[in-house]
Amino acid sequence: MINIAIVEDKKNEADKLIQCLKEYEKRQKDSKIKLEIKWYENAERFLQSVRNKVNHDIIFFDIELPIQNGMDAAFAFREIDRQTPIIFVTNMTQYAIKGYQVEALDYILKPVEYSSVVGPLNKAIDLIQNNLEEILIIQNVQGLIKISSRDLIYVEISDHKLSYHTVNETFYGYGSLTDVELKLKNHNFLRCNSSYLVNPRYIKSIEDQMVIMKNDDKLKISRPRKKQFMNDLTEWLGKGNII
């Protein structure tokens, strides 16, 4: 189930977009994509839902909203959530261009038509599916431990001992980093050298030959792997991801 929020003050405009989304869902029988759509008639109600931990996987923002416009609301949303795809819906292209300031994934020009919705929606769904959760089960002296790929910052190997650095703590186990890489191959983890496998979602910056992670750990990029690492990171960012 993919939860979609539409932030649009005009009901007829929201209905047009909802109709396009339902048509899209109807045509996706083979992939079994299901859309749950919620309409918010103003930015304030939408932002309150976010603060109340209501889950949204894709946001369609009308830019010209009353009281608080869609662009300002998107900036407020990005202070809470850096990853959820934003698609702007607007009458004027110049407003949409400003969307890059909030890392908007794409934009749709009004009047909304099915053909203009398909491309941005496909892009957003691909992004979501590429970031799905993988559960790793490791065994150590404490027993079996489950680790979510979403919480995993990077994996390190030293003398056949694996260190799983997560947002909360570090867990230890034994095995091969190559085996871990295979388990995470569909989740965009990157090799910066033979000892580290990093989650690009937690990269803070790249400085010379170092990857700075969001927990402030510094990991060396080996010379032989640098070109491939940077190419893979660029490709990941090109899909609409954000660091």
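Computed from a predicted model, the values in this text were never measured in an experiment.
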Undergrad: Do Leu219 and Met210 come within less than 4.5 Å of each other through their side chains, counting heavy atoms only?
TA: no
Undergrad: Check whether any side-chain heavy atom of Lys123 lies under 4.5 Å from a side-chain heavy atom of Leu105, and answer yes or no.
TA: yes
Undergrad: Quick one, Ile58 and Ile86 - any side-chain contact, counting heavy atoms below 4.5 Å?
TA: no
Undergrad: Verify the neighbour count for atom OH of Tyr114: are there more than 12 heavy atoms of other residues, nucleotides or ligands below 6.0 Å?
TA: yes
Undergrad: Is the CD atom of Glu23 crowded by more than 12 outside heavy atoms at less than 6.0 Å?
TA: yes
Undergrad: If you take all heavy atoms of His187 and Lys183, which pair is closest and at what distance?
TA: CD2-O, 4.3 Å
Undergrad: Would you say the side chain of Glu13 lies within less than 4.5 Å of the side chain of Leu17, judging by non-hydrogen atoms?
TA: no
Undergrad: Thinking salt bridges, do Glu103 and Arg82 make one under a 4.0 Å N-O criterion?
TA: yes
Undergrad: So, the side chain of Ser222 versus the backbone of Asn193: is there a donor-acceptor pair under 3.5 Å, distance only?
TA: no
Undergrad: Taking Asp15 first and then Lys11, would you say they form a salt bridge - that is, a charged N and a carboxylate O separated by under 4.0 Å?
TA: yes
Undergrad: Between Ile153 and Asn199, is any pair of side-chain heavy atoms under 4.5 Å apart?
TA: no
Undergrad: Please report the interatomic distance NE2(His165) to CG(Asn215), rounded to the nearest 0.5 Å.
TA: 8.0 Å
Undergrad: In a check of salt bridge (charged side-chain N to carboxylate O under 4.0 Å, His left out) between Asp62 and each of Lys16, Lys10, Lys110, which one passes?
TA: Lys110
Undergrad: Heavy atoms, side chains only, cut-off 4.5 Å: are Leu21 and Phe60 in contact?
TA: yes
Undergrad: For Arg45, is there an ion pair with Glu41 - N to carboxylate O distance below 4.0 angstrom?
TA: yes
Undergrad: Ignoring hydrogens and geometry, is there a side-chain-to-backbone donor-acceptor pair from Gln209 to Ile221 under 3.5 Å?
TA: yes
Undergrad: Can Lys185 and Glu181 be said to form a side-chain contact (heavy atoms from CB on, under 4.5 Å), step by step?
TA: CA-CA 6 Å; Lys185 67 179 180 179; Glu181 185 175 20; 5.9 Å; no
Undergrad: His56 vs Tyr40 aromatic rings, parallel, tilted or perpendicular, using cut-offs 30° and 60°?
TA: perpendicular
Undergrad: Taking atom types as modelled and ignoring hydrogens, do the side chains of Thr84 and Asp81 form a donor-acceptor contact shorter than 3.5 angstrom?
TA: yes
Undergrad: Without swapping roles, check the side chain of Tyr202 against the backbone of Arg150 for a donor-acceptor pair under 3.5 Å.
TA: yes
Undergrad: Between Asn52 and Val54 (side chain of the first, backbone of the second, donor and acceptor by atom type, cut-off under 3.5 Å), is there such a pair?
TA: no
Undergrad: Has Arg51 got its NZ or CZ under 6.0 Å from the middle of the six-membered ring of Phe46, at an angle within 45 degrees of the ring axis?
TA: no
Undergrad: Working to the nearest 0.5 angstrom, can you tell me the gap between Ile128 CD1 and Asp126 CG?
TA: 9.5 Å
Undergrad: May I ask you to decide if Met71's main-chain N or O and Asn69's side chain share a donor-acceptor pair within less than 3.5 Å?
TA: yes
Undergrad: Indicate yes or no for a side-chain donor-acceptor contact from Glu25 to the backbone of Leu35 under 3.5 Å, with no hydrogens or angles considered.
TA: yes
Undergrad: Identify the two heavy atoms, one from Cys192 and one from Val211, that lie closest to each other, and give their separation to 0.1 Å.
TA: CB-CG2, 4.1 Å
Undergrad: Does some side-chain heavy atom of Leu109 sit less than 4.5 Å from a side-chain heavy atom of Val89?
TA: no
Undergrad: Shortest non-hydrogen contact from Ile87 to Pro120?
TA: CD1-O, 3.7 Å
Undergrad: Quick one: which residue pairs count as a salt bridge (Lys or Arg N to Asp or Glu O under 4.0 Å) with a foot in residues 151-169, not counting sequence neighbours?
TA: none
Undergrad: For a quick test of reading the model, state the closest non-hydrogen atom pair linking Glu8 to Leu65 and the distance between them.
TA: CA-CD2, 3.9 Å
Undergrad: How many angstroms lie between atom CG of Leu121 and atom CD1 of Ile4, to the nearest 0.5 angstrom?
TA: 5.5 Å
Undergrad: Please check if the side chain of Ser116 supplies one atom and the backbone of Val112 the other of a donor-acceptor pair under 3.5 Å.
TA: no
Undergrad: State the NZ-OG distance between Lys220 and Ser195, to the nearest 0.5 angstrom.
TA: 11.5 Å
Undergrad: Would you tell me whether Asp217 and Tyr154 have side-chain atoms, one donor and one acceptor, within less than 3.5 Å of each other?
TA: yes
Undergrad: What are the two closest heavy atoms between Glu44 and Gln68, and how far apart are they?
TA: OE2-CB, 3.0 Å
Undergrad: To check you understand the geometry: which heavy-atom pair defines the closest contact between Ser194 and Arg225, and what is its length?
TA: N-NE, 3.7 Å
Undergrad: What's in the same ILVMFWY side-chain cluster as Val180, cut-off under 4.5 Å, chained through other members?
TA: Leu136, Ile138, Ile145, Ile147, Leu152, Val155, Ile157, Leu162, Tyr164, Phe171, Leu177, Leu184, Phe189, Leu197
Undergrad: Under 3.5 Å, is there a donor-acceptor pair between the side chain of Trp236 and the main chain of Pro200?
TA: no
Undergrad: Please check: side-chain N/O of Asp232 versus main-chain N/O of Leu190, any donor-acceptor pairing under 3.5 Å?
TA: no
Undergrad: Are side-chain heavy atoms of Arg201 and Asn188 found at a separation under 4.5 Å?
TA: no
